[in-house]
Amino acid sequence: MAKILLEMKNITKTFPGVKALDNVNFQVEEGEIHALVGENGAGKSTLMNVLSGIYPYGTYEGDIIYEGETCRFNTIRDSEAKGIVIIHQELALVPEMSIGENMYLGNERGKKAFIDWGTTYAEADRYLKMVGLSESSKTLVREIGTGKQQLVEIAKALAKNARLLILDEPTSSLNEEDSRALLDLMLGFKKRGMTMIIISHKLNEVSYVADKITVVRDGSTIETIDNHDHNIDEDRIIRGMVGREITNRFPKRENVKIGEINMEVDHWTVHHPLYPERKVVDDVSLYVRKGEVVGIYGLMGAGRTELAMSIFGQSYGTLTGGTLKLDGKEVRLKKSPRDAIRHKIAYVTEDRKGNGLVLSQSIKINTSLANLDSLASGTVIDKDKEYQVAEEYREKLSIKTPSVEQLVGNLSGGNQQKVLLAKWMYAEPDILILDEPTRGIDVGAKYEIYCIINDLAAAGKSVIMISSELPEVLGMSDRIYIMNASKIIGEMKASEASQESIMAEILKSGRGA
Amino acid sequence: MKKSSKSILKDNIMIIVLVVVYLFFMAGTKGSIFMPMNFNALITQNAYVYILACGMLMCMLTGGNIDLSCGSVVCLLGSIGAYFMVTKEMNVGVSIGLMLVIGAVYGVVLGFLIAYMNVPPWIATLAGYLAFRGLGTQVLSANSSTGSISVKPIETFLKIFSGKLFSTKLNVLNVPCLTVGIIAAVLVVLLNYTSRASRLKKGYEADSATMVLVKSVVEAAAILLVMYKLSMAGGIPTVLVWVVLVVLLYSFITEKTTIGRHFYVVGGNREAARLSGVDTRRIMFLAYLNMAVLTVVTTWAVLARFQAANSTAGTNYEMDAISACVVGGVSAYGGEGKIMGMVVGATLIGVINLGMSLMNIDANYQKVVKGVVLLGAVAFDIISKRRAK
């Protein structure tokens with residue numbers, strides 16, 4: 001048996017009113033990749049924050065034993081000095097600084113007040129090579145893509161002499177190709193003796209990379225599954241995460257009635273708002289019928305979001321060509337989301353925190369936002385009616401909250417996503433464009449969102465679902481468009497499509513994103 | 001969901017601070033701050049803050065944006081108004097109408113620059129801050145040998161903005177004034193109870209009976225006290241009527257209307273607001289147009305109070321308005337803040353100013369104290385929010 005590098009013993013962490021971690025025991029062997037999985041709010045991140053000293057010694061109960069000695073970390077610096085380095089889900093790079101500057105931020109090379117730039121960039125380049133980046137360390141971070149930025153984060157961790165690397169959802173904003181590259185990089189590190197902990201929602205990745213999988217549920221570690229053969233069944237993990245068997249990850253839709261064509265987009269072409277010579281949507285044509293769920297599959301950067309936002313009142317880019325027909329009639333929308341909403345189109349953003357919700361306001365205010373006029377006589381809001389509407393949707397979408405007056409910022413990701421959906425459902429659209437509707441939310445909440453999508457279609461709405469998760473597109477759609485490099489490159493009936501056939505289309509189109 | 005006593009305390013902390021500070025100055029000034037004349041002074045000296053801060057609050061809601069130019073605009077518009085009324089001997093109504101038009105034109109230009117040309121608000125208004133005081137001083141020196149124009153002879157104007165309603169002699173109980181106070185107090189209490197009853201009837205969350213009782217007693221007592229003191233000080237200053245009207249109007253707009261709601265969501269998350277169909281540029285435009293209009297109202301009140309236009313009028317008014325908002329809990333990042341909070345903040349600063357003057361504290365130290373209070377209020381706000389998380 002290999003040496004135990006880290007042991008967390010009987011860790012209990014309480015926040016006012018909540019026991020976030022309850023007597024957790026967690027062991028990591030030297031040289032393994034250990035995955036932590038669990039639903040949102042299960043306590044994975046809290047556990048890692050205890051380990052890295054973000055929650056200092058004394059604010060939790062229990063012991064951290066690292067390399068055989070009991071550690072008392074008071075700050076991140078303490079844990080980093082021991083070689084425990086955490087890479088957070090949200091990238092923490094300064095876009096206007098160079099890669100090298102970013103890598104040694106707070107860890108500058110040189111003597112006292114003087115930074116030795118020569119050493120900085122030379123060392124940075126060395127670490128960049130280790131993570132497979134060919135960029136110079138003098139390149140500005142904003143000039144490289146998200147996938148490469150994630151690699152810079154890893155190089156930054158390596159520069160701190162990491163022995164135990166913790167990666168919190170490292171692939172959540174990466175496309176499939178970049179994700180795979182990152183996972184392979186992790187396997188390479190393992191060969192060289194690095195120990196890693198990965199937190200992820202993507203079970204296929206966990207199964208691919210992890211040697212052991214520890215399941216966390218409701219603040220406790222439920223079980224540790226051995227995965228040395230890297231072939232574990234995803235349903236086996238899900239069973240542990242949710243504490244019950246999920247027989248079907250995608251709810252079946254019953255008596256599907258697909259009607260007339262509701263929206264038709266023809267030869268839609270959009271140029272980038274800042275670089276007008278760049279085409280972000282190139283001659284795209286598509287349609288959606290009433291009661292139909294149409295999936296748009298494409299990797300990140302394929303132009304999906306740009307297409308959707310452009311249809312939604314040209315809220316992105318410059319439209320240079322194309323027509324939009326609603327219910328058979330050609331419509332020219334003004335350049336405003338308000339006009340799109342008036343024409344019964346809704347766009348549910350992929351970025352709920354960034355441009356979907358007002359986190360500092362209540363569930364009630366967010367729910368009514370896109371259709372506030374219907375609650376007002378003249379300009380005066382009927383607050384009773386507003387409250388009732390919010391309550392109605394809270395119940396309909398089973399948003400878990402003590403009150404609709406609760407601030408949206410205090411809700412979990414899944415519940416925030418439901419509030420976002422509530423807002424757009426209350427706007428009573430005929431056409432809903434859902435952009436990555438289940439990003440970053442746990443299995444249980446995903447299932448609930450799928451049920452809502454099915455209900456919407458059953459009510460005769462047209463749903464366009466953009467997603468970069470193949471099983472989701474296959475499981476939910478009636479028809480699938482495949483988008484790559486700004487173009488629609490294929491269209492398939494869901495019943496005839498498979499993961500292989502879709503990926504084949506993308507490869508055939510020449511550029512693999 | 002019942003509110004804990006802790007959260008009630010936190011919600012009303014500024015009011016409690018206000019009372020404590022007031023009591024401190026009661027002791028410090030040996031009761032002189034409690035004299036009827038000083039109630040009158042508190043209102044007339046600070047009227048401009050309440051009016052300007054309503055506009056500043058709307059700007060700040062949109063994302064912590066401020067208007068640095070309003071103090072200088074007060075100077076310029078005051079000079080122009082005095083020039084119309086005194087030098088040109090124009091009709092008072094026409095003159096104040098013209099002031100309003102000029103102010104509104106400035107608001108339109110400023111709003112356009114900020115909302116549609118994307119000029120950062122503090123730069124656009126910094127330009128006005130620098131230019132308008134110069135322009136105002138120029139108007140004065142071109143039309144007066146003393147560098148200031150007295151509006152003392154324009155009695156109608158003074159009456160509308162700095163006179164007294166139901167004017168009586170000092171230290172004689174002014175019955176109509178007190179009656180207004182009693183009516184106001186009764187209305188406030190009635191409103192508290194009917195709104196609670198209607199919430200209960202519909203099955204919504206409502207404050208407990210004791211809470212409403214305490215609230216009603218405190219509010220009624222405050223109104224009665226102020227109005228009693230004013231009735232001993234010769235009547236209701238007309239400027240108080242203007243202040244009350246503006247404050248009530250903006251409370252209504254911010255709390256009950258769609259447009260008010262849009263100010264909050266634009267400040268809370270501009271992109272989310274835009275994608276939800278809110279015309280965010282229009283909101284930015286309205287914020288600065290509105291600010292300019294309220295600056296005009298402020299100018300009327302200030303010109304009438306000082307009975308003259310001069311080149312130092314309006315100095316630091318923008319800072320006073322910002323301070324009142326910030327002390328009153330308006331977020332410096334936008335999206336949060338209430339008119340009533342601002343009113344308490346403005347009053348607190350007013351009481352501190354008045355109290356220190358009455359105690360003959362050196363003017364330089366007064367500035368130090370004001371700075372410390374401002375910083376303290378923001379620090380307190382940030383810390384208490386962090387605790388809540």
Is any residue of residues 384-396 of chain A within less than 4.5 Å of chain B by heavy atoms, and which ones?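 The list, in residue order, reads A:D384, A:E386, A:Y387, A:Q388.
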Mind ranking B:A273, B:S331, B:S276 by heavy-atom pairs under 4.5 Å with chain A and telling me who comes out on top? B:S276
Most contacts with chain A, counted as non-hydrogen pairs under 4.5 angstrom, among B:T257, B:V265, B:I259: B:T257
Tell me if a side-chain donor or acceptor on B:N269 pairs with a main-chain N or O of A:L357 at a distance below 3.5 Å. yes
Measure from the side-chain N and O atoms of A:Q361 to the backbone N and O of B:G335, and report whether any donor-acceptor pair falls under 3.5 Å. yes
Where do B:D279 and A:S336 land on the side chain to side chain contact (heavy atoms under 4.5 Å, CB included) test, with the steps shown first? CA-CA 8 Å; B:D279 190 342; A:S336 88; over 6 Å; no
Hey, does B:V278 have a side-chain heavy atom less than 4.5 Å from the side chain of A:L369?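 Yes, at least one pair of side-chain atoms sits under 4.5 Å.
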Proximal to chain A - members of residues 248-256 of chain B, heavy-atom separation under 4.5 Å: B:F252, B:E255, B:K256
Between B:G277 and A:R338 the two heavy atoms that sit nearest each other are O-NH1, 2.7 Å
Search all heavy atoms of A:I341 against all heavy atoms of B:L275 and return the closest pair with its distance. CD1-O, 4.3 Å
Let me know if A:I365 has heavy atoms under 4.5 Å from chain B in its side chain, its backbone, both or neither. both
Heavy-atom proximity to chain B below 4.5 Å, by part of A:K423: side chain
Part of B:R261 within contact of chain A (heavy atom distance under 4.5 Å): side chain
Do you know which of A:A376, A:S315, A:G378 has the most heavy-atom pairs with chain B at a distance under 4.5 angstrom? A:S315
Hey, which of A:E405, A:K383, A:R342, A:K353 has the most heavy atom pairs under 4.5 Å with chain B? A:K383
Decide if atom OH of B:Y193 counts as having more than 12 heavy atoms of other residues, nucleotides or ligands within a radius under 6.0 Å.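 It does: B:Y193 OH has more than 12 such atoms within range.
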A:R439, CZ: over 12 other non-hydrogen atoms inside 6.0 angstrom: yes
OG of A:S360 to OH of B:Y264: how many Å apart, nearest 0.5 Å? 11.0 Å
Let's go through A:D351 and B:E271 carefully: what are the C-alpha distance in whole Å and the side-chain angles of both, what is the deciding distance for side chain to side chain contact (heavy atoms under 4.5 Å, CB included) to 0.1 Å, and is it a yes or a no? CA-CA 11 Å; A:D351 183 6; B:E271 195 54 16; over 6 Å; no
